[in-house]
There are 2 protein chains.
Amino acid sequence: MDRAVEDLTARARIRDAAVKLFGERGIEGASIRDIAAEAGVSSGLVRHHFGSKEALREACDKYAKERMLQIGAELTRDGDLTGLDPLVLHPLAFPLQLYLVRSMMDGSETATALFLEGVDAVEEWTTSFGIDPKDRRGYAAALAAIKLSVFVFREQVSKALGEDITTPAGYNRIGRALMEVFTIPLLTQEQIEKQEKR
Amino acid sequence: MDRAVEDLTARARIRDAAVKLFGERGIEGASIRDIAAEAGVSSGLVRHHFGSKEALREACDKYAKERMLQIGAELTRDGDLTGLDPLVLHPLAFPLQLYLVRSMMDGSETATALFLEGVDAVEEWTTSFGIDPKDRRGYAAALAAIKLSVFVFREQVSKALGEDITTPAGYNRIGRALMEVFTIPLLTQEQIEKQEKR
DNA sequence: CACTTGACTACACAGCTGTGTAGGAGTTTG
DNA sequence: CAAACTCCTACACAGCTGTGTAGTCAAGTG
C-alpha cells in the first residue's frame, strides 16, 4: 500500500504535497510555490495540472474524501475497526484528516458532505446496536463531532497528558479515556431535567 | 455589559475587529488592512497601537483568554452555568471562542494554556462529583476536547440537524444530545476489554 | 520525415502583504 | 507661549501572492 515517493507521478506528488501543506498551514497559509517546492516541481506545473489554487483545493477535497472512505472500508473489512473507533488518528488517515478538518473550517462542501455521511453512519450504528436516544439525529451528530474532537485538539490533549497521542501508546490511552466517557454516566437525571428547562 | 461600538476606543475597536476576522478567516486569511477597515481606522493606526501583526495576535490571545475567564466566572457566579455546560456557545463567548480555536490550531501558547486550565478544571470537577475514572487526567482531557467539538463543527452539526445550533433552540437541542452521550452507556464492558487488548 | 501532444520550466505582471516613514491635529505640560 | 506627547492618516517600499505567457523537451503518430 505504501508507495515510494519517487514512484509517484508529478501530479500525485503535487496533490500529496498540497494535502500536507494545506492541512498543516491552512489554505491561505500554503502558497502554490511552497507546494511546488514540497513536491519538487516548478510552480508552473502546479498550474498546468490543476489550473488554479481553488481547483487544486477541490481536487484535494475529492481525493481526501475518496481515500478516507477507502481506508475506512479496508480497515473495517480487515476487522481493525469497530463502529466507533477513532479512525481519524490512524497513521494512514492522519494527513488526510488534518486536511479535511482544515478544509471543513474553511467551508468546504466536500469535507462537510463527508461529515454528514459520518453522522448517517453513526445514526445507523446506534440503531443496529439498540441504542435509543430521544433525539437520534442529534445524538449521532454529537458523537460524530466528538470522534473528531480528539484529533482537532491532539496537540493540546497531548500536552495535557504529557504524552503524544499520535503515538500508539498515547493513542491507546486517549482511546480508553474516550471509552470511559461513553460508559460512566456523567450526569444525574435530575441535572439533565434542570438543563432542559432553560 | 454591552457597549456601543462607537463608545469604544480605537484601540479596543481594532482589537475586537482582529478577534472577529482572525476567528472567521484564520490569522493568514485576515490582513491588517482588512482589520483596520473593519474597525474603521487606517492601517497605520493598527501598527501604531500594536506594533506588528504578530504582536496584535498576542494581544488578541491575551484579551480573549482574560475575557473568556471573566465571562465564565460571571456566568458561574450568576448560576447560569454548571461545571460541564458548553460555555463555548454562549453569545458573549462565541467570537472569542472562535478566535481561540483558530489560534490554538495555529499553535498559540496562550490559547493552549487556556485549554490546559480547562482540563484542570474538569479534572477537579470529576473529583468533587465523585466520578472516578481509571485515568482521571485522560478522562478530563477527553471531556475538555469534547466540550469544544460541537463548537468547532457547529456549521457541520447544524447542517446535519437542519437547524442552526447557535440559535437558542438549536443550542438546547445539541446540549440535550450531548447530555445523552454522557448518560447512555455506549459500549459494553466486553467491547472495552477487547479494545484494550490492541 | 514533419507534426502534434503533453509534461514541464522560466519569466513577467499586477495586486496584495507587512512594514517603515513623514507628518498633521489636538491636548497636555513646562 | 512653546515644546512635547498621543492619536491618527497618507504614502512609499520591498517581498510574496496567484496567475498568465512563451518556450523547451521528449514521446508518440500520420
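Convention: sequence-line order gives letters A, B, ...; per-chain numbering from 1. Fair warning: this is a prediction, and the values are worked out from it, not measured in the lab.
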**Request:** Quick one: list whatever passes ring pair (Phe, Tyr, Trp, His ring centres under 6.0 Å) with A/Y99, sequence neighbours left out.
**Result:** none

**Message:** Test of understanding: with side chain to side chain contact (heavy atoms under 4.5 Å, CB included), list the residues that count as partners of B/E155, not counting sequence neighbours.
**Reply:** none

**Request:** Could you list the residues that satisfy side chain to side chain contact (heavy atoms under 4.5 Å, CB included) with B/H49, not counting sequence neighbours?
**Result:** B/R11, B/I14, B/L45

**Request:** Under the ring pair (Phe, Tyr, Trp, His ring centres under 6.0 Å) rule, collect the residues that match up with A/F22, sequence neighbours excluded.
**Result:** none

Expected rows: protein N/O vs nucleotides 5-8 of chain C N/O, under 3.5 Å:
residue, atom, partner, partner atom, Å
C/dA7, OP2, A/H48, NE2, 3.4
C/dC8, OP2, A/H49, NE2, 3.0

**Partner set under side-chain hydrogen bond (donor to acceptor under 3.5 Å, both in side chains) for B/R137, not counting sequence neighbours** = B/D120, B/E123

**Asked** Roughly how far, to the nearest 0.5 Å, is the CG atom of B/L92 from the CD atom of B/Q97?
**Response** 12.5 Å

**Asked** For DNA chain D, which residues in residues 52-60 of chain A have a heavy atom at a distance below 4.0 Å?
**Response** A/S52, A/K53

**Request:** Answer whether the closest heavy-atom distance between the side chains of A/S108 and A/R57 falls below 4.5 Å.
**Result:** yes

**Request:** Check every nucleotide of DNA chain D for an atom under 4.0 Å from a heavy-atom of chain B, then give the first and the last such nucleotide from 5' to 3'.
**Result:** D/dC7 to D/dA12

**DNA chain D contacts among residues 26-39 of chain B, heavy-atom distance under 4.0 Å** = B/R33

**Message:** Run the side chain to side chain contact (heavy atoms under 4.5 Å, CB included) test against A/K159 and tell me which residues pass, sequence neighbours left out.
**Reply:** B/T112, B/L116

**Prompt:** Does A/D135 come within less than 4.0 Å of B/R173, counting only side-chain N to carboxylate O?
**Reply:** yes

**Request:** Please identify each residue that fulfils salt bridge (Lys or Arg N to Asp or Glu O under 4.0 Å) with A/R154, with sequence neighbours left out.
**Result:** none

**Minimum side-chain heavy-atom gap A/L148-B/V152 below 4.5 Å** = no

**Request:** Return each pair, listed once, that meets side-chain hydrogen bond (donor to acceptor under 3.5 Å, both in side chains) where at least one residue sits in residues 20-35 of chain A; pairs must be two or more places apart or across chains.
**Result:** A/K20-A/E38, A/R25-A/D34, A/S31-A/D34

